[in-house]
Trainee: 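I'd like to ask you about the structure that follows.
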Amino acid sequence: MTDPILAVSNLSVDLKREDRKRRIVDNVSFSLARGEVLGLVGEAGSGKSVLARALVRAIAPPLDIAGGKVVFEGRDILTLNPRGLASVRGNRIGFIGANPMGSLDPRLPIGNQIVEKLRCVQPGIGRTEAREKVLDLLGRVRIPSPSARFHEAPFQFSGGMMQRVMIVDALASDPSLVIADNITQPLDVTVAAQIIRLIDNLRQSLDTAFLFISSSLPVVAQIAERTLVMQRGRIVEEGRTADLATNPQQTYTQTLLSRIPPIWRDVTAPVATTGEPVLTVDNVLRTYLVRRRGSFNAYNEVKAVRDVSFTVKAGENFGIVGESGCGKSTLTRLLAWLEQPDGGRIAFLGKDLSHLSARSLTEMRKSFQLLLQDPYGSLPAGMPLRRMIEEPLLIHGIDRTEAARRAQEAMAEVGLDAELAERLPVGLSAGQRQRINIARALVLKPRLLILDETLSALDQVEQAELLDLFTRLQATHGFSYVFISHDLALVRRMCHRIAVMYLGRIVELADNTTLFEHPHHPYTRALLSAMPTLEDNRFPRPRYLLDGEPPSPIDLPLGCSFRSRCPRAERDCEKTDPPLLSLAGDNYAACLHRHMAPHEEEVANVE
Amino acid sequence: MFVLSFLLRRLLQGALIILLVTFIIFTLLRVVPGDPARLIVGGMAPDEVVAMKAKELGLDRPIPMQFVSYLGDIVTGDLGTSFVRPKSGASLGGASFDDATREERAKVLDLILGTLPMTLQLAAVALALALLVAVPLGTLGGLYPGRWPDKLALAIGSICVSTPNFWLGIVLTLLLSVKLKLLPAIGYRGFSYTILPAIVLAVEIVPFILRTLTVSVAQVMREDFIQLAPIRGLSRSRTILHHALGNSAIPLINLLGVQLGMLLGGVLVIEFIFDYPGLGLLTINAVLQRDFPLIQGIAIFISVMFVMINVLVDLIAMTIDPRLEY
Amino acid sequence: MADIVQEAAVPLPVAKRGVTPTRRMLQIASARTDFRIGFIGFGLLVMLAIFLPLVSSIDPTKIAYSSKLLPPFPAEGWKWPYLLGTDQLGRDVLLRCLVGLRYSLMIGITTVVLMFVVGCSLGLYAGLRGGWVDAVIMRLTDAQLSIPMIILAITILGVSRPTVPAIILVLGLSGWPLYARVARSVALGERNRGYVLGERVLGASDLRIMLLFVAPVVLPPIAFVAVLDIARMMIFEAILGFLGLGVQPPTPTFGNVIADARKYLLNAWWIATMPGLFMLVSLTCLNLMGSALERARNAVLRGEA
């Protein structure tokens with residue numbers, strides 16, 4: 001190995017608040033070779049983002065660098081004079097953060113901003129030269145029609161496209177090191193997988209080293225040869241990523257690994273059950289009107305939910321998965337009857353909700369409850385816990401003593417300490433807050449619980465605890481659950497049957513085993529292939545991962561709406577928009593070529 | 001194309017607002033006590049004369065009908081005729097009913113347009129003074145929250161907002177005009193007469209600019225793209241001048257649009273104290289003389305200005321920030 | 001960047017046990033120096049205004065030519081107890097200021113309460129209901145914002161008789177649109193928050209959601225800033241008085257006292273200047289409190305504390 005381009009030794013950072021002092025980065029040492037991709041994994045709060053900023057000396061009070069060296073290309077960044085620092089930051093070291101949408105001035109064209117940056121760090125470059133370079137890079141990160149998008153402002157980009165822009169921003173000055181801090185965290189799985197594939201391709205041609213930081217070991221494993229594991233500010237383990245994944249030495253790494261839910265290896269998928277139908281959704285439609293930009297009185301139709309039908313049976317766990325913009329949040333609002341469908345029918349226990357009187361609707365509301373994602377926003381801040389849990393009963397006119405008794409029962413059942421009863425929710429953990437929400441739903445003795453990303457704000461341990469609670473409640477009360485989630489692993493573990501949504505529509509509806517092991521829709525396969533996992537992916541990315549992003553829901557392609565990205569699209573797909581077509585068993589896929597075996601497919605575009 | 005449709009939308013909305021304003025002020029003046037007909041002909045006139053005058057002016061018709069015909073006049077640009085003001089200009093509060101000059105009343109629109117330039121001059125000088133002081137101070141306050149520029153901005157803002165404008169006018173007249181003889185104060189005989197009222201008006205505007213600017217600059221400075229700028233290699237001065245200031249200007253521009261009403265309120269009192277012959281003085285005199293057509297006309301005129309300035313403000317904000325287009 | 005400090009701060013032991021955001025705002029504000037200065041200064045003045053006229057042997061409206069035009073404290077010829085001097089009719093300027101402060105405060109506070117109640121209830125309702133209710137209320141506020149408040153006020157008071165209830169009503173009714181706008185925009189934001197959706201799913205009515213859940217969250221932050229408006233309304237009251245449209249003499253208010261004393265500006269400067277200065281000091285105290293509350297509120301809403 002040649003000289004490392006970055007050598008960090010004994011780096012420490014403190015957090016100073018009034019009289020307290022806490023070490024956030026503790027005596028960290030590592031090095032990075034030219035062109036290498038080094039992974040850095042740690043949970044939220046492990047200090048990895050602070051470390052990333054310390055490497056470019058972007059540390060401001062209350063944080064403070066307590067000691068150590070960061071030797072980059074032979075010079076210690078921590079002791080450089082301002083001029084020297086300016087010649088390194090943004091020039092020799094590029095930085096990409098976790099918030100692509102907020103990383104550039106929201107008012108100005110992205111192209112100009114990258115040119116501005118490039119000319120700041122390399123004053124020798126002329127305006128035209130810089131412009132051409134940026135345009136070239138925009139093309140290389142596969143942003144469609146770069147010369148037009150050069151002049152667009154950040155708000156006109158999607159998150160994934162904007163992250164590509166930020167990659168261009170970091171690479172424009174030909175840096176020898178790029179620090180990528182959690183760059184895939186806000187992105188959807190397929191978009192994140194595309195970004196990782198892109199970086200992998202770029203670094204082979206550019207000879208740039210990457211420090212790739214993430215909270216997920218499977219994500220890092222897709223790109224880094226070597227990985228550091230960080231826990232409470234310390235590097236606890238370092239080694240080849242493959243070795244870490246198969247043979248971790250430290251208990252902490254072992255714990256991290258044990259928390260990664262399995263997808264294919266040693267899984268016992270829940271088997272579909274039979275029961276009375278509880279919720280029936282028939283050809284439900286929901287369209288929003290959005291005023292067209294720059295027009296006086298013209299509206300665009302956004303078809304958020306199109307022709308969705310499914311049934312949830314008693315005691316069943318039904319999963320709905322899809323990426324952002326697929327219509328699952330609109331569907332949630334419809335299922336919870338916060339909005340009414342423009343067409344179709346939602347029936348609960350056999351009764352069409354749109355035909356109910358206001359009074360019987362209120363009565364009916366007792367039987368289906370919604371649990372939301374954000375545990376912080378979903379509770380009124382100024383109310384004691386007991387009162388919050390009594391609230392649903394009071395709404396439905398149950399007297400106070402009875403309400404108090406049932407609230408107490410519910411608290412015990414969801415595992416909330418009785419002494420919390422008079423406390424306000426401030427300072428409670430996310431998990432405890434979700435327990436309150438569960439208790440609030442529970443007191444009404446519902447039949448169905450709709451879980452809208454309910455667990456995604458929780459850490460792995462809290463998630464596991466709540467999943468156990470859900471299973472227990474199901475066993476005692478016979479609940480049905482609808483899990484709405486972007487988390488495939490969660491759905492794999494919990495759901496009997498699963499619907500995959502794309503552009504407002506269910507493209508595949510199948511039982512757990514079929515969906516994960518023999519999916520029939522190419523989009524399902526693409527989703528599975530994008531999943532970060534340490535297992536051997538059954539659907540390897542070079543073959544199944546999709547290119548590009550979904551078309552706008554305003555301007556759907558004629559025929560099959562997946563056609564524009566489908567690797568096996570044919571003539572007939574342009575003419576017919578296939579509904580859910582039945583397969584063996586109770587499984588369906590919205591694809592004309594659903595019986596074509598996967599291996600006959602053309603290989604997806606490789607970037 | 002885009003700008004046109006935007007203008008069309010906003011002007012339609014504006015027309016609705018103006019209609020509402022006209023309705024409110026018209027009704028208000030009809031339901032309050034005080035008989036305008038008697039006011040015109042003078043307190044001493046016999047009842048028959050008053051009744052005749054009322055008939056002549058159409059004041060005996062039902063209020064909705066009066067309103068409709070008034071609206072018709074407005075659309076053709078006729079805001080009516082003052083009850084008490086003669087064409088010559090001077091006010092004639094208590095003229096007797098058989099005074100020959102009484103017939104020659106001034107047009108409301110002429111009165112307004114005649115005094116408007118004076119008020120615009122005053123407002124422009126005051127705004128320039130206020131911006132000159134408040135923009136640098138407010139920006140510094142936002143850049144160093146919790147440090148001395150911020151504290152200074154807060155202190156100055158608190159004192160300015162606590163100063164009654166009429167009192168400041170009196171004190172400054174006493175000090176600068178009477179004692180030190182630096183600036184003229186009462187009436188208007190040249191540009192120098194604008195300065196003292198403008199200072200008083202500026203003191204009233206400064207705290208609003210300070211408060212908005214410190215908050216918006218401080219907020220922009222916390223945004224990710226500003227925090228990331230040094231890591232991307234941009235210098236601090238460049239970041240502040242090119243990115244932070246541009247983004248914090250929008251709340252300020254919006255504020256100027258919304259607070260226009262307040263600004264005009266200040267103008268009113270200040271013109272009264274300094275006997276400055278602008279729209280404000282005209283308004284106060286109109287109220288004191290119960291000159292209903294003039295009050296109505298001024299209120300409508302101001303709401304038209306308000307609507308147009310707000311459209312302008314939105315257009316400016318849109319050129320600064322393309323996200324605001326819709 | 002804020003998130004990394006936050007991330008770093010997660011494992012710190014959380015000391016704030018069960019404190020509501022409103023309490024937290026008050027705690028932060030009361031720890032600020034400017035709040036303390038304002039609070040103590042204002043408290044003292046209010047105490048004086050309440051109690052001094054009660055215990056003092058001097059009547060603020062009684063004419064006493066024997067002690068007319070006495071200069072204020074440090075100037076030559078001043079006399080105990082006339083700290084701020086006396087006016088052309090021998091009345092004590094300090095006492096007249098204190099009585100003026102009483103009226104001013106009373107009118108200011110009632111006005112703001114009125115504005116707050118009317119504006120916030122309409123605004124909250126508009127924000128939660130949306131649709132045509134929202135459109136109507138918002139166009140109304142637009143219209144009212146486009147007529148300068150003071151023109152409206154002097155027009156009404158100029159043509160009718162200015163009594164204290166009339167003044168309060170006029171100021172309060174012309175000030176509500178700003179509150180309606182703020183309350184509406186916050187309510188719009190809250191409408192899609194989890195706890196509101198949660199209530200809807202549970203089957204709660206709009207009114208229940210608004211009064212029991214949204215109002216307690218949304219109103220305290222707005223009320224904090226309303227303190228600044230009390231000062232603004234006190235100035236308006238003074239302006240009305242100055243124009244002769246406020247509380248009528250012989251009751252002394254800041255406005256009518258200063259207007260009256262203008263005539264004596266050259267030979268007795270203090271009669272006009274002292275009440276203004278007195279007002280400036282009391283309003284500065286009030287504004288310091290108000291802006292400290294505002295900043296504390298901003299800090300809490302940003303999630304920094």
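A note on names: the letters A, B, ... follow the listed sequences, proteins ahead of strands, and every chain is numbered from 1.
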Trainee: Contact between B:Leu154 and C:Arg295 at the side-chain level, heavy atoms closer than 4.5 Å - yes or no?
Mentor: yes
Trainee: Taking atom OH as the centre, does C:Tyr103 end up with more than 12 heavy-atom neighbours from other residues, nucleotides or ligands that are less than 6.0 angstrom away?
Mentor: no
Trainee: When heavy-atom pairs shorter than 4.5 Å are enumerated against chain B, which of C:Leu265, C:Val281, C:Asp142, C:Leu286 gives the highest number?
Mentor: C:Leu265
Trainee: Please verify the inter-ring angle class for C:Phe242 with B:Phe272; under 30° counts as parallel, over 60° as perpendicular, anything in between as tilted.
Mentor: perpendicular
Trainee: With a 4.5 Å heavy-atom cut-off, do C:Leu228 and B:Arg211 have their side chains touching?
Mentor: yes
Trainee: Any non-hydrogen side-chain atom of C:Asn287 less than 4.5 Å from a side-chain atom of B:Ile159?
Mentor: no
Trainee: So do C:Arg262 and B:Ile273 actually touch side chain to side chain, heavy atoms under 4.5 Å?
Mentor: yes
Trainee: Under 4.5 Å, counting heavy-atom pairs only, tell me which of B:Thr163, B:Val171, B:Ile298 racks up the most with chain C.
Mentor: B:Thr163
Trainee: Chain C heavy atoms under 4.5 Å from B:Leu16: which part of the residue, side chain, backbone, both or neither?
Mentor: side chain
Trainee: Relative to chain C, which segment of B:Ile18 carries a heavy atom at a distance below 4.5 Å: side chain, backbone, both, or neither?
Mentor: neither
Trainee: Taking B:Thr283, B:Val161, B:Val307, B:Ile295 one by one, which has the highest count of heavy-atom pairs under 4.5 Å against chain C?
Mentor: B:Val161
Trainee: Does the side chain of C:Leu277 come within less than 4.5 Å of B:Trp167's, by heavy atoms?
Mentor: yes
Trainee: Is chain C contacted by the side chain of B:Val269, its backbone, both, or neither, given a heavy-atom distance below 4.5 Å?
Mentor: side chain
Trainee: If you round to the nearest 0.5 Å, how far is CG of C:Leu283 from OG of B:Ser158?
Mentor: 11.0 Å
Trainee: To the nearest 0.5 Å, tell me how far B:Ile170 CD1 sits from C:Thr273 OG1.
Mentor: 8.5 Å
Trainee: Can you tell me how far apart CG (C:Leu245) and CD1 (B:Ile284) are? Round to the nearest 0.5 Å.
Mentor: 8.0 Å
Trainee: Measure the CG-CG distance between B:Leu288 and C:Leu243 for me, rounded to the nearest 0.5 Å.
Mentor: 7.5 Å
Trainee: Hey, which of C:Asp34, C:Leu178, C:Leu280 has the most heavy atom pairs under 4.5 Å with chain B?
Mentor: C:Leu280
Trainee: Where is the tightest heavy-atom contact between B:Val215 and C:Asn298, given as atom of each residue plus distance?
Mentor: CG2-ND2, 4.5 Å
Trainee: So which part of C:Glu294 gets closer than 4.5 Å to some heavy atom of chain B, the side chain, the backbone, both or neither?
Mentor: side chain
Trainee: Mark yes when over 12 heavy atoms from residues, nucleotides or ligands other than B:Phe67 sit less than 6.0 Å from its CZ; otherwise mark no.
Mentor: yes
Trainee: Measure the CD1-CG distance between C:Ile239 and B:Leu268 for me, rounded to the nearest 0.5 Å.
Mentor: 9.0 Å
Trainee: For C:Ala231, is it the side chain, the backbone, both or neither that has a heavy atom under 4.5 Å from a heavy atom of chain B?
Mentor: neither
